S.K.: 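Following this message is one structure expressed as structure tokens.
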Amino acid sequence: MRLRVALAQLNQVVGDVEGNADRLIAAYGGAERAGCDLVAFPELAITGYPPEDLVLREGFVAEGRAALDRVAARTGDTVAVVGFVDAEPAAPGGTPRRYNAAAVCRGGRVEAVYRKHELPNYDVFDERRTFDPGTAHVLVDVRGVPVAVSVCEDVWIPGGPVVAQARLGARLNVNVNGSPYHRGKGEARRALVAERAREAGCAIAYVNQVGGQDELVFDGGSFVVDATGAVRASSPQFDEDVLIVDLDFDPAAPGGLGVAGPRAGDLGELEQVRRALVVGTRDYVRKNGFTDVVLGLSGGVDSALVAAIAVEALGADRVHAVSMPSRYSSEGSRTDAADLAARLGIDLRTIPIEPAFAAYLDMLGPSLPTPAAGAPDLTPENLQSRVRGAILMALSNARGWMVLTTGNKSETAVGYFTLYGDSVGGYAVIKDLFKTTVYDLCRHLNATAGRDVIPRAILDKPPSAELRPDQRDDQSLPPYEVLDPILARYVEDDRTVREIVAEGHDAALVARIARLVDANEYKRRQGAPGVRVTHKAFGKDRRLPITNRYRG
């Protein structure tokens with residue numbers, strides 16, 4: 001028995017129900033022309049994933065069902081597995097029940113519907129908020145092969161739906177996904193699905209979506225494993241793709257499967273991060289109706305990396321940079337910003353902030369207290385940052401450009417940024433990159449390009465906000481090589497102060513860093529969304545109270 005299966009990893013848009021249906025129909029036609037017996041689309045491909053509280057709107061669910069019926073009406077002998085929101089009307093006095101579902105479409109109609117059993121409610125997932133769990137299994141006959149359908153989290157559960165379906169006779173399980181990227185996620189997925197295939201004794205075709213949705217980036221990477229868990233075919237990460245695979249089932253051997261299909265090459269970890277930043281930035285800007293972006297170019301490493309990513313995502317002609325020197329800006333920073341802009345081929349304009357800064361100081365002078373002897377006066381520093389933020393937002397208003405903010409995860413964690421200043425903007429490209437990773441990624445960009453896209457002078461000079469004479473970051477913070485590992489344990493791994501100290505870190509330093517992280521929760525809540533590339537980012541992932549006296 002042979003099946004030709006297509007896994008269509010598409011870049012759907014949340015809420016664009018009709019546009020999503022059009023993309024499904026076009027991909028179905030391609031699979032049909034290629035002689036496929038079955039084509040599988042990602043999780044909630046009709047509505048886009050994740051739809052969040054849109055699911056609570058009855059009109060949204062009804063429009064999705066109508067779009068599904070339009071897709072189903074297009075089907076012939078080729079089976080289509082399509083993710084959508086299924087619903088049951090409310091019982092008297094009750095509320096409607098909604099399901100994260102996959103429809104099996106064939107012959108112009110919806111032949112069967114599978115409702116996701118396992119609803120994730122951790123990390124960035126809130127599915128129990130909007131969905132009810134399904135309980136039934138669905139097996140369909142496709143050219144004599146019993147094929148089961150499951151949805152995303154169902155495959156992660158030992159002894160769960162995939163195993164139960166195999167016991168009912170499934171030889172192939174089609175698992176449709178909206179699985180977002182973070183570092184190491186691809187390897188974890190393949191290992192998990194391989195384990196489930198061995199446990200169930202059946203092949204698994206895993207199709208994932210691709211593209212950016214707010215903070216989340218979906219990396220595709222669809223694949224097929226045989227009953228031994230071996231990956232036999234795969235799609236590339238971060239690109240739309242239709243993976244066509246021929247599966248030969250040996251009727252005499254329950255686990256026997258021959259697979260013929262392409263294998264995509266693996267990307268290194270830093271290249272995955274780069275691609276995630278590019279895809280996330282491109283899709284956030286374009287899906288929200290913008291064409292161009294603007295950012296402040298300081299001559300520092302953070303803005304340099306954001307500019308380089310923006311050029312790759314949107315094209316140099318869509319990226320606009322502003323140098324905003326103050327009385328404290330070094331000549332090197334000005335020339336480094338100009339050098340970077342020339343290397344990237346982007347528009348650079350210079351708008352000195354001194355007139356506005358001086359006016360603020362003059363206006364506020366009578367109302368500002370005299371700083372204590374020896375204490376840093378942060379008011380002028382923050383004023384400079386806020387003047388720059390106002391300039392960028394004025395350009396955004398006048399030109400219709402989205403402002404990209406340039407703060408990294410290290411600074412965001414400890415509050416080393418100015419609220420309504422360098423934090424203003426529509427999207428925070430490197431929000432989830434520690435400072436040490438920023439440097440690593442810049443060097444990776446240069447190595448990949450075979451030239452210094454990021455000037456060496458930017459990478460070699462000590463980090464500085466340049467808001468007072470001879471300022472350096474290490475005057476306010478520990479060196480990033482010391483700071484970042486502690487932040488990783490406290491922020492990403494949820495370790496307490498006591499646990500981190502027990503690992504060998506300095507107790508006073510860990511306590512100070514934890515206090516800074518906790519005290520600046522209110523600032524982070526007001527920041528722009530940004531690309532998620534770690535297993536715990538600020539935003540959807542990490543949810544702590546602003547008012548909080550726990551000091552573990």
Side-chain angles (χ1 to χ4, degrees), residues 3-49 51 54-55 57-89 96-116 131 134 136-143 145-152 154 165 170 172-178 205 207-209 222 240 242 244:
L3 289 186
R4 173 164 283 190
V5 173
L7 304 183
Q9 60 179 46
L10 302 182
N11 189 347
Q12 304 293 75
V13 181
V14 168
D16 184 17
V17 173
E18 291 303 315
N20 289 339
D22 290 341
R23 284 183 280 273
L24 295 176
I25 290 169
Y28 179 88
E32 191 176 48
R33 290 189 294 275
C36 294
D37 302 299
L38 181 149
V39 55
F41 298 100
E43 183 174 10
L44 296 182
I46 290 287
T47 60
Y49 184 86
L54 288 173
V55 172
R57 301 180 183 182
E58 292 185 15
F60 176 75
V61 175
E63 288 179 31
R65 178 64 203 220
L68 171 68
D69 290 339
R70 182 161 69 89
V71 173
R74 168 62 184 82
T75 59
D77 293 336
T78 301
V79 174
V81 179
V82 182
F84 78 110
V85 177
D86 196 17
E88 291 178 352
R97 296 176 68 83
R98 300 172 178 86
Y99 302 93
N100 183 336
V104 178
C105 305
R106 177 165 47 185
R109 67 185 184 90
V110 175
E111 183 176 299
V113 171
Y114 174 84
R115 294 167 171 174
K116 186 175 183 178
F131 291 117
H137 297 294
V138 169
L139 269 72
V140 294
D141 182 282
V142 183
R143 293 194 62 194
V145 177
V147 177
V149 176
S150 59
V151 180
C152 202
D154 292 334
Q165 291 164 342
L172 171 68
N173 196 294
V174 176
N175 184 250
V176 301
N177 290 266
V207 59
N208 192 24
Q209 74 178 49
S222 305
E240 286 193 300
V242 177
I244 296 178

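Since we're looking at a predicted model, the values are computed, not measured.
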S.K.: Quiz question: by atom type and distance under 3.5 Å, do the side chains of Glu32 and Thr78 form a donor-acceptor pair?
M.R.: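 No, no side-chain donor-acceptor pair sits under 3.5 Å.
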S.K.: Could you check if a side-chain atom of Val242 sits within less than 4.5 angstrom of a side-chain atom of Ile244, using non-hydrogen atoms only?
M.R.: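 Result yes, sub-4.5 Å side-chain heavy-atom pair found.
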S.K.: Distance-only, no hydrogens or angles: does the Ser222 side chain make a donor-acceptor pair with backbone N or O of Asn208 under 3.5 Å?
M.R.: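 Yes: the side chain of Ser222 pairs with the backbone of Asn208.
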S.K.: Would you indicate whether Glu18, at its atom CD, is surrounded by more than 12 heavy atoms from other residues, nucleotides or ligands within a distance under 6.0 Å?
M.R.: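 Counting other residues, nucleotides and ligands, CD of Glu18 exceeds 12 neighbours.
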S.K.: Do Arg70 and Ile25 come close enough that some side-chain heavy atom pair is under 4.5 Å?
M.R.: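 SC-SC contact between Arg70 and Ile25 confirmed.
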S.K.: State, to 0.1 Å, how close Ala102 and Phe84 come at their nearest heavy-atom pair, and which atoms those are.
M.R.: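 Closest heavy-atom pair between Ala102 and Phe84: C-CE2, 4.1 Å.
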S.K.: Is the shortest side-chain heavy-atom distance between Phe60 and Pro51 below 4.5 Å?
M.R.: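 Result yes, sub-4.5 Å side-chain heavy-atom pair found.
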S.K.: So, taking the atom named CD in Glu240 and the one named CD in Gln12, what distance separates them when rounded to the nearest 0.5 Å?
M.R.: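 Glu240 CD to Gln12 CD: 7.5 Å, rounded to 0.5 Å.
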S.K.: Might you work through the side-chain contact (heavy atoms from CB on, under 4.5 Å) test for Leu139 and Val147, ending with a clear yes or no?
M.R.: CA-CA 5 Å; Leu139 269 72; Val147 177; over 6 Å; no
S.K.: Do Val104 and Val79 pass the side-chain contact (heavy atoms from CB on, under 4.5 Å) test, and can you show the C-alpha distance, the side-chain angles, and the key distance before you say yes or no?
M.R.: CA-CA 7 Å; Val104 178; Val79 174; 3.7 Å; yes
S.K.: Start with the C-alpha distance between Val138 and Val140, add both sets of side-chain angles, then the distance that settles side-chain contact (heavy atoms from CB on, under 4.5 Å), and finish with yes or no.
M.R.: CA-CA 7 Å; Val138 169; Val140 294; 4.2 Å; yes
S.K.: Minimum heavy-atom separation for Tyr114 to Ala136, with atom names?
M.R.: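 Scanning both residues completely, I find the closest heavy atoms to be CE1-O, 3.5 Å.
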S.K.: Evaluate Asn100 against Val85 for side-chain contact (heavy atoms from CB on, under 4.5 Å), listing each step before the verdict.
M.R.: CA-CA 5 Å; Asn100 183 336; Val85 177; over 6 Å; no
S.K.: Is Cys36 close to Val5 at the side-chain level, that is, under 4.5 Å between some pair of heavy atoms?
M.R.: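 No. Closest side-chain heavy atoms not under 4.5 Å.
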S.K.: How close do Ala8 and Pro42 get, heavy atom to heavy atom, and via which atoms?
M.R.: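 Closest heavy-atom pair between Ala8 and Pro42: O-CD, 3.2 Å.
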S.K.: Run the salt-bridge test on Arg106 and Asp77 with the 4.0 Å N-O cut-off and return the result as yes or no.
M.R.: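 Not counted as a salt bridge, because no side-chain N and carboxylate O are separated by less than 4.0 Å.
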S.K.: Is the closest basic N to carboxylate O distance between Arg23 and Asp16 below 4.0 Å?
M.R.: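 A salt bridge is present here (some side-chain N lies under 4.0 Å from a carboxylate O).
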S.K.: At their closest point, which heavy atom of Glu43 faces which heavy atom of Gly178, and how far apart are they?
M.R.: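 Closest pair (atom of Glu43, atom of Gly178, distance): OE1-N, 2.8 Å.
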S.K.: How close do Asn20 and Thr47 get, counting heavy atoms only, and between which atoms?
M.R.: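 Looking at all heavy atoms of both residues, the closest pair is ND2-C, 3.6 Å.
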S.K.: Once rounded to the nearest 0.5 Å, what's the spacing between atom CZ of Arg109 and atom CG of Asp69?
M.R.: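 Reported to 0.5 Å precision, the distance equals 12.0 Å.
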S.K.: Can you name the closest pair of heavy atoms from Phe41 and Tyr28 and give their distance?
M.R.: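 Answer, listing the atom of Phe41 first, then Tyr28: CZ-N, 4.0 Å.
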S.K.: Check this for me, if you would: do Glu88 and Arg98 make a salt bridge, where the nitrogen-to-carboxylate-oxygen distance has to be below 4.0 angstrom?
M.R.: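 Result for this pair is no, no salt bridge flagged.
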S.K.: Say whether Asn175 and Asn177, considering side chains only, have a donor N or O and an acceptor N or O under 3.5 Å apart.
M.R.: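 On atom types as modelled, these side chains qualify, holding a pair under 3.5 Å.
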S.K.: Tell me if a side-chain donor or acceptor on Asp154 pairs with a main-chain N or O of Val151 at a distance below 3.5 Å.
M.R.: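 Yes; judged by distance alone, with no hydrogens or angles, the pair exists.
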S.K.: For the residue pair Gln209 and Asn11, confirm or rule out a side-chain donor-acceptor distance under 3.5 Å.
M.R.: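 No, Asn11 and Gln209 have no side-chain donor paired with an acceptor closer than 3.5 Å.
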S.K.: What distance do Arg74 atom CZ and Cys105 atom SG have between them, rounded to the nearest 0.5 Å?
M.R.: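 Going from CZ on Arg74 over to SG on Cys105, the span is 12.0 Å.
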S.K.: Return the CG to CG distance between Leu68 and Leu24, rounded to the nearest 0.5 Å.
M.R.: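 One gets 9.0 Å once the value is rounded to the nearest 0.5 Å.
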S.K.: Any donor and acceptor pair, going by atom type alone, linking the side chain of Arg4 with main-chain N or O of Ala34 inside 3.5 Å?
M.R.: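 Yes; judged by distance alone, with no hydrogens or angles, the pair exists.
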S.K.: Can you tell if the side chain of Val81 reaches within under 4.5 Å of the side chain of Val176, non-hydrogen atoms only?
M.R.: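 They are in contact (side-chain heavy atoms under 4.5 Å apart), so the answer is yes.
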S.K.: In plain terms, say whether Arg143 and Asp37 are close enough for a salt bridge, that is, a side-chain N and a carboxylate O under 4.0 Å apart.
M.R.: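 Asp37 and Arg143: salt-bridged.
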